[in-house]
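Scroll down for the structure; my scribbles are underneath it.
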Amino acid sequence: MKYKSVTGTRDVLPEEQPYWRLIEKKIAEITALFGYQRVDPPIFEETSLFIRGVGETTDIVEKEMYTFRDKGDSSLTLRPEFTAGFIRLYLQNGLHMLSKPVKVFSVGPVFRYERPQAGRFRQHTQFNVEAFGEQDPAMDLEVMSVAWQLYAELGFQGLKFQLNSTGCPACRPHYIEKLKQYYQTHLHEICEDCKRRLERNALRLLDCKVASCQPVIATAPVISEHLCEDCATHFTHLRQHLDLLQRPYTINHKLVRGLDYYTKTVFEVWAQGIGSQNAMCGGGRYDGLIEQLGGEPTPGIGFGSGIERIILSMKEQKLQPELLPGPQIVVAHLGPNAEKMAVETVFKLRSSKIPALMTFGDRSLKSQMREANRLNAQFIIIFADHEVESGTATVKNMQDGSQVEIALPDLVSHLSK
RNA sequence: GUGGGUGUAGCUCAGUUGGACAGAGCACCAGGUUGUGGCCCUGGUGGCCGCGGGUUCAAGUCCCGUCACUCACCCCA
């Protein structure tokens with residue numbers, strides 16, 4: 001085969017379309033229910049937007065971005081995430097002048113040059129929700145609930161939030177310092193990756209998966225005990241809201257986000273039978289990011305959820321969407337005059353909004369019927385010599401096998417019943 | 001970037017210690033009913049056995065390389 005799809009990309013075939021249609025429908029319904037408006041930023045932006053937005057020390061920026069120069073020698077990058085582009089859109093189009101919060105969402109492809117594995121691709125489709133300009137913990141609850149409701153309506157069982165606070169510039173540095181000090185006293189016990197993390201991204205130490213690191217993690221200082229008063233109060237109120245709604249959650253001290261810009265709330269939604277690596281979504285608050293990208297100091301919170309992962313999980317959990325409807329009518333024909341009648345009829349049916357298709361070529365009636373059967377047609381209309389002479393159509397019900405002869409002028413009204 | 005597994009028909013896979021034209025099921029096409037589907041039966045289309053090199057009288061089978069897929073790590077949705 002000469003051409004094949006690029007590593008880490010995939011084709012969505014007809015069999016999978018019902019999943020996509022269902023998820024798109026639920027997204028449209030739920031975002032409307034919560035009052036979020038759709039925006040669609042372009043899929044590439046100036047590279048510097050992502051470098052500043054995502055944070056300089058993460059792998060995403062260092063080696064995972066699809067960065068290229070265009071013919072004008074501008075450095076552009078296929079978006080590796082949504083948030084930075086959203087903020088640019090928000091600032092550029094004056095959405096920041098609207099009353100707060102400004103609540104938006106989008107669905108579309110994002111790109112990262114990673115090694116593909118289960119539920120991970122170089123191009124994947126992300127559902128992203130953001131709320132700008134509101135710091136009330138009830139805002140956090142609302143954004144989290146959008147994600148929750150999507151998975152609940154798709155039929156996932158045993159949903160649970162994983163929740164943590166990652167602090168703010170006032171308190172996090174102190175915590176990180178404590179964490180580093182602690183790890184300095186356990187250097188001989190930790191893995192090589194963790195030694196690297198200690199220098200680069202100390203919070204990441206906490207979700208190391210190496211067995212020998214687990215005892216060290218277990219007795220490490222916990223961030224929720226080192227929050228400043230502002231962050232601690234915010235966290236407490238969010239938990240009270242979750243309790244109020246009786247939404248199950250686990251305080252997960254090991255839950256940290258890879259991107260530098262997160263502050264306070266970080267969360268994931270887990271579903272039954274799905275491991276921590278298959279969190280349905282990841283999100284959190286980023287109260288400093290908008291200012292960092294050139295706006296007024298503005299709080300923000302959002303999440304991203306990979307559609308391919310949702311579908312993967314739906315398949316694992318045997319959550320099947322309804323099949324998309326097939327054509328109702330197949331028009332079969334034997335002989336050249338009959339084919340002309342078939343052509344006219346199939347167009348007439350479609351203009352009456354009846355889904356119809358005709359068979360092509362000179363084929364036996366048997367094979368045309370097989371095709372109708374395969375397509376799950378409700379009716380097959382047969383044209384041959386007899387129908388041509390009498391100006392009628394033979395209409396056969398594919399479910400019960402009954403058939404009637406209908407005068408052509410009455411055909412549409414007969415089938416509309 | 002690191003490590004493990006796997007590459008044979010459109011799909012799922014068999015191919016015995018290297019040995020004769022490379023197989024099955026499903027799918028597709030045709031016939032069994034020259035105007036009637038699903039079930040059944042018969043036949044057919046379809047493979048440089050991922051690619052390149054090597055060993056050998058002989059390679060789908062063994063060796064090396066490479067690419068791809070896949071799982072895990074790193075990182076992250």
Side-chain angles (χ1 to χ4, degrees), chain A residues 1 4-10 13 15 54-55 57-65 79-83 107 109-129 147 191-194 196-197 200-201 204 207-211 213 255-259 262 268-269 275-284 302-313 330 332-335 338 359 361-388 394-403 405:
Chain A
M1 199 165 309
K4 52 186 167 182
S5 59
V6 170
T7 297
T9 65
R10 57 193 293 278
L13 299 178
E15 303 88 88
V54 172
T57 63
T58 89
D59 278 3
I60 293 179
V61 166
E62 286 184 0
K63 49 192 183 191
E64 294 183 359
M65 295 204 310
R79 63 184 176 207
E81 55 125 37
F82 262 106
T83 305
V107 181
V110 299
F111 305 85
R112 288 180 199 173
Y113 189 85
E114 296 183 283
R115 197 76 178 260
Q117 64 187 67
R120 177 203 271 184
F121 309 95
R122 289 184 177 174
Q123 173 182 336
H124 79 274
T125 310
Q126 202 165 310
F127 168 43
N128 224 258
V129 170
C191 68
E192 287 305 311
D193 284 330
C194 279
R196 195 168 48 80
R197 291 187 184 105
R200 286 173 38 116
N201 198 346
R204 279 273 159 201
D207 65 356
C208 179
K209 295 180 185 72
V210 175
C213 290
L255 180 63
V256 294
R257 296 259 70 96
L259 278 39
Y262 285 100
E268 294 181 350
V269 179
S276 57
Q277 291 165 44
N278 285 321
M280 307 290 297
C281 69
F303 72 85
S305 183
I307 308 291
E308 289 84 354
R309 275 194 189 177
I310 297 175
I311 291 172
L312 189 69
S313 300
V330 169
H333 51 88
L334 289 169
T359 61
D362 284 326
R363 298 165 58 196
S364 68
L365 183 60
K366 173 182 185 148
S367 119
Q368 296 181 64
M369 293 202 59
R370 275 205 187 117
E371 183 171 342
N373 190 60
R374 234 192 341 263
L375 292 165
N376 246 316
Q378 279 184 288
F379 296 96
I380 185 165
I381 295 175
I382 300 166
F383 291 116
D385 293 347
H386 169 71
E387 286 80 5
V388 172
T394 296
V395 178
K396 174 166 179 155
N397 183 321
M398 294 295 284
Q399 268 87 57
D400 62 21
S402 65
Q403 66 183 55
E405 204 173 320

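So that the names make sense, note that chain A is the first sequence line, chain B the second, and so on, each numbered from 1. This structure is a prediction, so every number in the text was calculated from the model and none was measured.
- Separating the CZ atom of A/Arg112 from the C1' atom of B/C76 is a distance of 6 Å, rounded to the nearest angstrom.
- Contact of the A/Ser364 side chain with the A/Met369 side chain is not registered, since no non-hydrogen atoms from C-beta on lie closer than 4.5 Å.
- Taking the side chain as every heavy atom from C-beta outward, A/Asp193 and A/Val210 never approach each other to under 4.5 Å.
- The nearest heavy atom of RNA chain B to A/Arg115 and to A/Met398 marks one nucleotide each, and the one closer to the 5' end goes with A/Arg115.
- Comparing B/U16 with B/U34, their P atoms sit 46 Å apart, to the nearest whole Å.
- Below the 3.5 angstrom threshold, one finds no donor paired with an acceptor across the side chain of A/Gln368 and the base of B/U36.
- Side-chain N/O atoms of A/Arg120 and base N/O atoms of B/A77 include no donor-acceptor pair closer than 3.5 Å.
- Remark: the separation of the P atoms in B/C51 and B/U56 is 23 Å, to the nearest Å.
- Looking at heavy atoms from C-beta onward, A/Val110 lies out of side-chain contact with A/Glu81 at the 4.5 angstrom threshold.
- Remark: ring of A/His386 not stacked against base of B/G35; the cut-offs of centroid gap under 5.5 Å and plane tilt under 30° are not jointly satisfied.
- A/Arg370 has no side-chain polar atom (N or O) that falls below the 4.0 Å cut-off from OP1 or OP2 of B/C29.
- With both ends at atom C1', the span from B/A72 to B/A27 equals 34 Å, rounded to whole Å.
- Comparing the P positions of B/A68 and B/G15 gives a spacing of 28 Å, expressed to the nearest Å.
- A donor and an acceptor atom sit less than 3.5 Å apart, one in the side chain of A/Glu387 and one in the base of B/G35.
- At the heavy-atom level, A/Arg197 lies under 4.0 Å from the strands shown only through sugar-phosphate atoms.
- The side chain of A/Lys4 approaches B/A68 more closely than any other nucleotide in the set B/G37, B/A68, B/C76.
- Within the 4.0 Å cut-off from OP1 or OP2 of B/C69, at least one side-chain nitrogen or oxygen of A/Thr7 is found.
- Not one N or O on the side chain of A/Arg120 forms a donor-acceptor pair closer than 3.5 Å with the backbone of A/Gly8.
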Quick one: which protein N/O atoms are closer than 3.5 Å to N/O atoms of nucleotides 25-28 of chain B? Pair and distance per line, please.
unit_1, atom_1, unit_2, atom_2, d
B/C28, OP1, A/Arg374, NE, 3.4
B/C28, OP1, A/Arg374, NH1, 3.4

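- At a threshold of 4.0 angstrom between heavy atoms, the contacts of A/Gly283 with the nucleic acid are absent.
- Atom CG in A/Asn373 sits roughly 7 Å away from atom P in B/G38 (whole-Å rounding).
- Between A/Ser305 and B/A77, a side-chain N or O to OP1/OP2 separation shorter than 4.0 Å is absent.
- Here the separation of B/A9 from B/G65, taken at their C1' atoms, is 27 Å to the nearest Å.
- Straight-line distance from the CD atom of A/Glu308 to the C1' atom of B/A77: 9 Å, rounded to whole Å.
- Neither OP1 nor OP2 of B/C71 sits under 4.0 Å from any side-chain N or O of A/Gln117.
- Across all strands, A/Phe121 comes closer than 4.0 Å to base atoms (heavy-atom distances).
- Between the C1' atoms of B/C64 and B/C74, the separation comes to 29 Å (whole Å).
- Scanning atom types as modelled, one donor and one acceptor separated by under 3.5 angstrom connect the side chain of A/Lys366 and the base of B/G32.
- Along RNA chain B, the nucleotide nearest to A/Gln126 and the one nearest to A/Pro116 differ in position, and the one closer to the 5' end is contacted by A/Pro116.
- Nucleotide B/C73 forms a pair with B/G1, judged by Watson-Crick or G-U wobble geometry with both contacts under 3.5 Å.
- A donor and an acceptor atom never sit less than 3.5 Å apart when one is taken from the side chain of A/Glu268 and the other from the base of B/A77.
- Atom CZ of A/Arg115 sits about 8.0 Å away from atom CZ of A/Arg122, to the nearest 0.5 Å.
- The nucleotide B/G65 finds its pairing partner in B/C51, both defining distances of the Watson-Crick or G-U wobble pair being shorter than 3.5 Å.
- Atom C1' of B/C48 sits at a distance of 25 Å from the matching atom of B/C29, rounded to the whole Å.
- For B/C74, the OP1/OP2 oxygens have a side-chain nitrogen or oxygen of A/Lys209 closer than 4.0 Å.
- Distance CG (A/Asp193) to C1' (B/G3): 12 Å, rounded to an integer number of Å.
- One atom, CD of A/Glu192, and another, P of B/C75, lie 13 Å apart when rounded to the nearest Å.
- Taking 4.5 Å as the limit, every side-chain heavy atom of A/Met280 sits out of range of all side-chain heavy atoms of A/Arg309.
- Put simply, CD1 on A/Ile380 and CD on A/Glu371 are 8.5 Å apart, with the number rounded to the nearest 0.5 Å.
- Distance A/Leu365 CG to B/G38 P: 12 Å, rounded to the nearest Å.
- For B/A24, the paired base is B/U12 (Watson-Crick or G-U wobble, both distances below 3.5 Å).
- Within 4.0 Å of A/Ala384, counting heavy atoms only, lies at least one base atom of the nucleic acid.
- Closest contact between the side chain of A/Met369 and the listed nucleotides B/G35, B/C75, B/U36 involves B/U36.
- Side-chain contact between A/Gln368 and A/Val330 is absent, with no heavy-atom pair separated by less than 4.5 Å.
- Taking the C1' atoms as reference points, B/C73 lies 34 Å from B/G54, given to the whole Å.
- The distance between atom CG of A/Leu334 and atom P of B/U33, rounded to the nearest whole Å, is 17 Å.
- In this structure, B/U33 forms no base pair with any nucleotide, since neither Watson-Crick nor G-U wobble geometry is met with both distances under 3.5 Å.
- One atom, CD of A/Gln123, and another, C1' of B/A77, lie 14 Å apart when rounded to the nearest Å.
- Note that the CE atom of A/Met398 and the CZ atom of A/Phe379 stand 11.0 Å from one another [nearest 0.5 Å].
- For the OP1/OP2 pair of B/C76 and a distance below 4.0 Å, the side-chain nitrogens and oxygens of A/Arg204 include at least one atom meeting the criterion.
- Results of the ring-ring contact (aromatic ring centres under 6.0 Å, His included) test with A/Phe303 over A/Phe127, A/Phe82, A/Tyr262 single out A/Phe127 as the only residue that passes.
- Summarising the geometry, atom CG belonging to A/Asp362 is positioned 8.0 Å from atom NE2 belonging to A/His333; distances are rounded to the nearest 0.5 Å.
- Dashed line: the shortest gap from a side-chain N or O of A/Ser364 to OP1 or OP2 of B/A30 is not under 4.0 Å.
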